[in-house]
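Everything on this sheet refers to the single structure shown next.
In what follows, every chain begins at residue 1, and chains take the letters A, B, ... in the order their sequences are listed.
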Protein chains: 2
Amino acid sequence: MNKKRTTLKDIANVLSISTAAVSKALNDDARISVKTKKAVKQVAKELNYQPNHLASALRKGKSKLVGVIVPRTNSHFFSSVVESMEGVLNKAGYNIIITQSNESFEKECNNIDTLLYLQVDGIIASMANETVDLSFYEKIKSNGIPLILFDRGENDLNVDYVGINDYASSHMIIEHLVAQGCKRIAHIGGYRRTRIFNNRIRGYIDAIKKHDLPHDDELLIESSLTLEDGRQQIKKLLALKNRPDAVYVASDYAALGALQVLKEKNIKVPEEIKLVGFGNEPFTSLVTPSITSISQHSKQIGKLAADTFLSYVEKDVVEQSLNKIILDSELIIRDSSK
Amino acid sequence: MNKKRTTLKDIANVLSISTAAVSKALNDDARISVKTKKAVKQVAKELNYQPNHLASALRKGKSKLVGVIVPRTNSHFFSSVVESMEGVLNKAGYNIIITQSNESFEKECNNIDTLLYLQVDGIIASMANETVDLSFYEKIKSNGIPLILFDRGENDLNVDYVGINDYASSHMIIEHLVAQGCKRIAHIGGYRRTRIFNNRIRGYIDAIKKHDLPHDDELLIESSLTLEDGRQQIKKLLALKNRPDAVYVASDYAALGALQVLKEKNIKVPEEIKLVGFGNEPFTSLVTPSITSISQHSKQIGKLAADTFLSYVEKDVVEQSLNKIILDSELIIRDSSK
DNA sequence: TATATTTGTTTAATCGATTAACCAAAAGTA
DNA sequence: TACTTTTGGTTAATCGATTAAACAAATATA
């Protein structure tokens, strides 16, 4: 058990030089002779030297840590975004700290505090469903730390954002359903206060109008989009005197809940009611019938969010124009809608 | 934009006292008067003081960070374990850094290096499928950092472990299948080198023998247990001249792959072949037919792993006896086996 | 030869919080 | 009164790495 870690001093002592020289040698400073560098690196290896990250971060004022906040990690979309983000950031010498809000505003605030406390160099986040109060995000900005939002963003918050074109996605879905002959299309959406869900709702309404289809209030529902919630909302739609012949659900999880209920009630999908989800979670292709959904290019989103962060820290730009990156989505047509 | 963070010095200047006094006041040192403490806390709040974690960690030699390594986060089991672990550790003042190995040995080694580099106070890990070489884990131990393994552990590594009784779980499954009238039970298992999979295989074999059922070599398959792998292996079993009437798969993901193939080939589950998975992932109850599986008490595992870590750091025990915690599992019977 | 430049390194300050050691003033005790 | 103890701080060192500034020796230039 080697109790103590090797420090610069230990190496310096062995070679009878200063710690400054050792530090510079390890960092390949031009002013250190090749001979010394070799010797230092040799000894460093022998003593199994590992730099003290805390000390270096303290001194340099940079922790080389990026905080990530996601609603949850056990969704394929988020875990996939994070994975791709991690790849890009690791390559640039950054490590990431993943935290989950579990869709809770309180937890999200805690996470932000924690990340600030850990002195992260930046925060990449996707907001919880509950979040309306943006003061904690303002706090990040006022701390001078780069903040990049993805997927779940906010219009009022003037920060960089990476996401897909939700408005256009709704259009694609409605076009597809219309092409399948649907005449009465319902939408189980998220809460309007969240930008992406608002855009999906707007897209739905505009597309419906464009095709001169009925857009009764009863066909548009705002919800929390959990699986359980999907179950509840579809029941409401089924209870209508004038049932829809298609339902576009703004989340795959809620769509799955809806599908469960439809199957329990022996309503044929897609024959009687067509169903479309959102997010292209893996299970959409696994259930019976498989669920038509929108693919969000998670890998791409992760990469772009990471790149945006890096663009802030790599070059020390003071005032950089805001990036709002909107990717095109893709409709994956499966059994539930054809 | 407040460029600079508030430091102890800033507070000290306002009150014309020493930074030492400020530090002690904030930490409720007994030698500081109530009056001073109040004043300090007041100013700290006004200036929005946030302690510099890096400095404090450097000085105290403790980062209050716990590193977590999981094969992947987008599995319900792992994300659930992590969530419960996080709750316990946060309460004790620790933050966690989540890293994923993606079942890759190389990535796992990198993760360990990263965590050591970040000076975590402990590491809680579940090993990648690929991992055979334990030298990196030895490295953690030789750095004097507590290491706790869960689920995917190793017998050779003499460290704390939290998991379920895999051997007994296999027995429960076989008992159940036998009770359902199965006479020829196959097992798609993991690689024997991994402790848990080895135990599941041993349990399978012993239970089969106990019931005087055939235990041909062709009925026992070792695999990587991915979804795709489940597809491949079930095909092998279906190609046998003497097909099994039940298949026990050591992972829900692989079981799902198997189920897909069975459905594609129009083989009725459970009528022609009964199927049992392992892990009780949420999708097991969502697919048709729903899949019988073993619940692993993920919340409990996370809590116990965290507690074990805390038992090391809270009290400064030098030599503590090793904890090997084995929980009972639960068989969740669903449509695929009845 | 005298001076300027380059090379290679050392010294010392610094990042911010903590803490061992020290000290002055107030309060208690003989 | 004289001495001890307690109270409430202050000083200064420290954690380990980095870096601006200083400096000696070697080399180049005039």
Classify [X] by what it touches in the nucleic acid, base, sugar-phosphate, or nothing, heavy-atom distance under 4.0 Å.
X: B:T7; value: sugar-phosphate
X: A:S18; value: base
X: B:S56; value: sugar-phosphate
X: B:I17; value: sugar-phosphate

Distance-only donor-acceptor check, side chains B:D133 and B:S135, under 3.5 Å: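 Per modelled atom types, B:D133 and B:S135 side chains form a pair under 3.5 Å.
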Reference residue B:K41; test side chain to side chain contact (heavy atoms under 4.5 Å, CB included); the match among B:T36, B:D28, B:V22: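 That would be B:D28.
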Parallel, tilted or perpendicular: ring planes of B:F105 versus B:F136, cut at 30 and 60 degrees: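 Because their plane-to-plane angle is over 60°, the rings of B:F105 and B:F136 count as perpendicular.
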Mutual orientation of the aromatic rings belonging to B:Y117 and A:H53 [parallel < 30°, tilted 30-60°, perpendicular > 60°]: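 Tilted, since the angle between the ring planes falls between 30° and 60°.
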Electrostatic pair B:K107-B:E130, nearest N-O below 4.0 angstrom: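 Between B:E130 and B:K107 there is no salt bridge, as every charged N stays at least 4.0 Å from the carboxylate O atoms.
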How long is the line joining [atom1] of [X] and [atom2] of [N], in whole Å?
X: B:K35; N: D:dT7; atom1: NZ; atom2: C1'; result: 13 Å
X: B:K9; N: D:dT11; atom1: NZ; atom2: P; result: 13 Å
X: A:K24; N: D:dA22; atom1: NZ; atom2: P; result: 13 Å
X: B:K37; N: D:dG8; atom1: NZ; atom2: P; result: 9 Å

First of A:A20 and B:Y49 reached from the 5' end of DNA chain C, by closest nucleotide: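 The answer here is A:A20.
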Most 5' of A:A55 and A:T19 on DNA chain C, judged by nearest nucleotide: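 Its nearest nucleotide lies further toward 5', so the answer is A:T19.
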Heavy-atom donor-acceptor pair, B:T6 side chain to B:L47 backbone, under 3.5 Å: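 Yes.
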Interface limits on DNA chain C, where chain A has a heavy atom under 4.0 Å of a nucleotide atom: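 That gives a stretch of C:dT7 to C:dG16.
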